Every structure is written in C-alpha cells, then in structure tokens.
There are 2 protein chains.
Amino acid sequence: MQRNSRFAVGVHATALALIAQTQRKGKPVTSNAIAAMVGVHPVHVRRVLGTLREAGLVESQPGPLGGWELSRQPSEISLYDIYLALEPELPFEMPARAPEACCRFAPDLPQVLADVMDDAKRALQQHLSSVTLEQIVGWQWDARSDDTARQSCSNLDKTGKPSSNGTLGIQS
Amino acid sequence: MQRNSRFAVGVHATALALIAQTQRKGKPVTSNAIAAMVGVHPVHVRRVLGTLREAGLVESQPGPLGGWELSRQPSEISLYDIYLALEPELPFEMPARAPEACCRFAPDLPQVLADVMDDAKRALQQHLSSVTLEQIVGWQWDARSDDTARQSCSNLDKTGKPSSNGTLGIQS
DNA sequence: AGAACCGTAACCATAGTAGTTACGAATACC
DNA sequence: GGTATTCGTAACTACTATGGTTACGGTTCT
C-alpha cells in the first residue's frame, strides 16, 4: 500500500483494455484480469476505472462477456485526461493561506510562489497531454517484437480471484 | 492540514531567508517569523528547514541573534534541489511489482509504463531545475515595485508564538 | 436457473502529515 | 553567572488518504 497509485493503475488498466480490444475482439478485459496483471485488488480496479468511466474515457459491460473497453479512440486519450479524471489537482498546489499572514517584509511573495507553482503544473500538464494511450501501446508492440518466447498464462480471467487466496501474493 | 506541504513550505521559507539576508543584514529570520508568514507551526518549519540543512542548502544559528540563512548562493539553489531534499521521490513513480504478474498478454507493458513515467519525471525535473531562488526573489522585487503602501507588522519574530494562543488563527 | 461479470457500500489497517507539548543545548546580553 | 532567545528533537496526538477485504445487489450470457 501507500503512495497514491491511482494514476499508475489507471494508465496500466486502460492500456490493457486497449490491448485486449485489438487482441481478442469482442472479449473485453475483466477487473480480475486487470487486477492480477497490475497487482492490486479487483475492487480497486473497479473503483479507478469507475472514475474513468464517469470521465467518459472507458465503458463497462456486466455479464459473462463483460469487462472494460475504451470509449474513445486511443489517440484521443492522453495521460493528462487520465490524471485529471483520477486526481483532484496536479501536484505543486500552494496551500490556501490567510492573506494577512504575510507582511511588509515580502507582501508579494505568496503571489509569486503561486505563479511559480502554476508554471510547474503547466509544464507537467503539457508533457502529460503529449502522450496518448495509442503511443504507449504502440511502444509496447515495438518492445514485444524483440521478445523471445514467453510462458503462457492460461485462463487469465480466473487469476486473482479474491476468494482463491485473498492476498494475490502481494506484499506491502 | 493535509496535502503534503513540505515543498511549498521549504520554498517559501528559503525565499524568506534570502529576503531577510538582503533586507536586514546580520539578523536571520527565525522559525517563528517564518511560521507566522507561511501559516504553519514553528516546529514544522524547523523540521522542514532541518531537512534542507542536511542537504546543505541552509544553515541555522541558535541564540537571540539566531535564525536561518542560505548556505549557498541563491542562484545555486533550484526548486529541484529543494524538492529532492524534502521528498523521497518525484511523483509518477510506478509502484514496485512482482514481475510474474504480467503475462503473454502484454509482457513488456510494465517496462514501457516505467519509461513513460520516467519521461514525466524528467520533464518535471527539468522545469524545477530551471527555477532558482534568486529568480523567485527577483520576481518578488519586481512585483513589489508596483505596490502601494502596506500595513506594518512590527516585531515579527514574536508573532506566532505557540504559547500565545496555540492556533495562530489557522483554520484547517 | 446459474454463472460471470460489474457497482457499491461498509469496514478496517496502515501510514503520512502536521499540530502540540516538552525539554535540552547553544548563544547573546546584562 | 543568570536569563532570555533561539534552534534541535523526541513524543504524542488528531486527522486524513489509501487501498485491501467482505458483502450484497444488479446485469447479462448460456
């Protein structure tokens, strides 16, 4: 646990959803499969992806053939979209402060600092906006072409079932 | 409280230390004065600045004429230096994961995601490294020249004494 | 009907943040 | 030397965020 992982989980999960869309048409990835591959609890996956659904990035289907799919073109989903949907604000927020706290000494410092933090947020936003899910999965294909054989992992959707062992073998 | 404010406090405090150095030579800012202006508890200021001292960014002196001073040229202290000293890592860290969790489906995705996150961190680092304390305080002088009169704030070092009212009038 | 999904609420353990108190050490001033 | 002022730090506390876990209900496919 610990250290906010929603963004990482969101990116990982949506990337897996996209890969699934192109790999096995008609059968979207399930929360359990994502959870097993990302290494978190299925409920957490649903919570994160549920938030992304509210933002219009993904869709879910219940039932035996259910799971998660992107609801936009992968080229239209940037890391910034995912971040913004999952986190209330970018890092480098100046904490709200009582204005009378500063004095003759440095009356404008709070505003200058707020501007500096805004610059940092803008730089970050710019970078995150420039990376799309389509690119990420593309890089993944590139990397994969260099690969040798991999061990198979049959019946992926079944793995990570909470009732099986409960911990998924994840250590804190 | 809440939302990690160490970075903001560190930047604010060091900027005030620099302003003090150039404003009232020989009399560094005290933790109490910084705490009052930043809006946090003096002990918290000492904790944050204590960490920055370990990183070699500031120095402290005890006693009636004591307080905090920069131990480097302000042009040699960047926001990245302050961030790195106060936080164990930049945001956008991929959580450590068991390697066997991923499978044939997307074996290289974890590495690709780690690279993507590294890119984000690099972009952030680049921006933070480009801003120095000297610049920040310079902007503050610029803004100040536009100012009209300000109310004075006599005996700043005394304000914010915990024994006075305990809360400093700070609301959560 | 039953199995396999998602949807959510509820509860809990853990950990990080910062306020608060307390006491000790160093320094300046009388 | 005594006192006031400052930093240094440990200890305790309250609050909050995070995410694991369980439980139960609703859909959809077979």
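Just so you know, these numbers come straight off a predicted model, no measurement behind them. Chain letters run A, B, ... following the sequence lines, proteins first and then strands; every chain starts at 1.
- Distance check: Leu79(B) CG to Phe92(A) CZ gives 9.0 Å after rounding to the nearest 0.5 Å.
- Not a single donor-acceptor contact under 3.5 angstrom links the side-chain atoms of Arg6(B) to the base of dG16(C).
- Note on Ser60(A): every side-chain N or O is 4.0 Å or more away from OP1 and OP2 of dC6(C).
- In the set dG20(D), dT5(D), dC7(D), the nucleotide with an atom closest to the side chain of Pro64(B) is dT5(D).
- Each of Gly67(A) and Leu65(B) lies near DNA chain C, and the nucleotide nearest Gly67(A) is the one positioned closer to the 5' end.
- The side-chain hydrogen bond (donor to acceptor under 3.5 Å, both in side chains) test applied to Glu87(A) returns Asn4(A), Arg6(A), not counting sequence neighbours.
- Here dC7(D) presents its P atom at 7 Å from CG of Asn32(B), a figure rounded to the nearest Å.
- Side chain of Ser78(A) to main chain of Thr132(A): no donor-acceptor pair is present (N/O by atom type, distance under 3.5 Å, no hydrogens or angles).
- The nearest whole Å value for the distance from the CD1 atom in Ile34(A) to the C1' atom in dA4(C) is 15 Å.
- Among the nucleotides dT22(D), dC6(C), dC7(D), the one closest to the side chain of Val43(A) is dT22(D).
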Under 3.5 Å, side-chain donor or acceptor atoms of residues 112-121 of chain A against the rest of the protein: list the pairs with distances, not counting sequence neighbours.
residue, atom, partner, partner atom, Å
Asp115(A), OD1, Gln111(A), NE2, 2.9
Asp118(A), OD1, Lys121(A), NZ, 3.4
Asp119(A), OD1, Arg122(A), NH2, 2.8
Lys121(A), NZ, Glu93(A), OE1, 2.6

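- The distance from atom CD of Glu69(B) to atom P of dC7(D) is 12 Å, rounded to the nearest whole Å.
- Taking only side-chain nitrogens and oxygens, Thr30(A) never comes nearer than 4.0 Å to OP1 or OP2 of dC5(C).
- Nearest to the side-chain atoms of His41(A) among the listed nucleotides dT6(D), dG20(D), dA18(C) stands dG20(D).
- Put simply, Ser5(A) has a side-chain N or O that comes within less than 4.0 Å of OP1 or OP2 on dG19(D).
- Between the CZ atom of Arg46(B) and the C1' atom of dA22(C) there is a distance of 12 Å, given to the nearest Å.
- The base of dG19(D) is not paired with the side chain of Arg3(A) by any donor and acceptor separated by under 3.5 Å.
- Between the C1' atom of dA18(C) and the CZ atom of Phe7(B) lies a distance of 19 Å, rounded to the nearest Å.
- In this structure, Lys27(A) atom NZ and dC29(D) atom P are separated by 11 Å, rounded to whole Å.
- Side-chain atoms of Asp81(B) and Arg72(B), non-hydrogen and from C-beta on, do get closer than 4.5 Å to each other.
- With DNA chain C read from its 5' end, the first of the two nearest nucleotides for Pro62(B) and Glu87(B) is the one closest to Glu87(B).
- Whole-Å rounding puts the Glu59(A) CD to dC5(C) P distance at 19 Å.
- In this structure, His44(A) reaches the dG19(D) phosphate: one of its side-chain N or O atoms is under 4.0 Å from OP1 or OP2.
- Position along DNA chain D of the nearest nucleotide to Arg47(A) versus Gly63(A) favours Arg47(A) as the more 5'-ward residue.
- As a whole-Å value, the separation of Glu54(B) CD from dT9(D) C1' is 12 Å.
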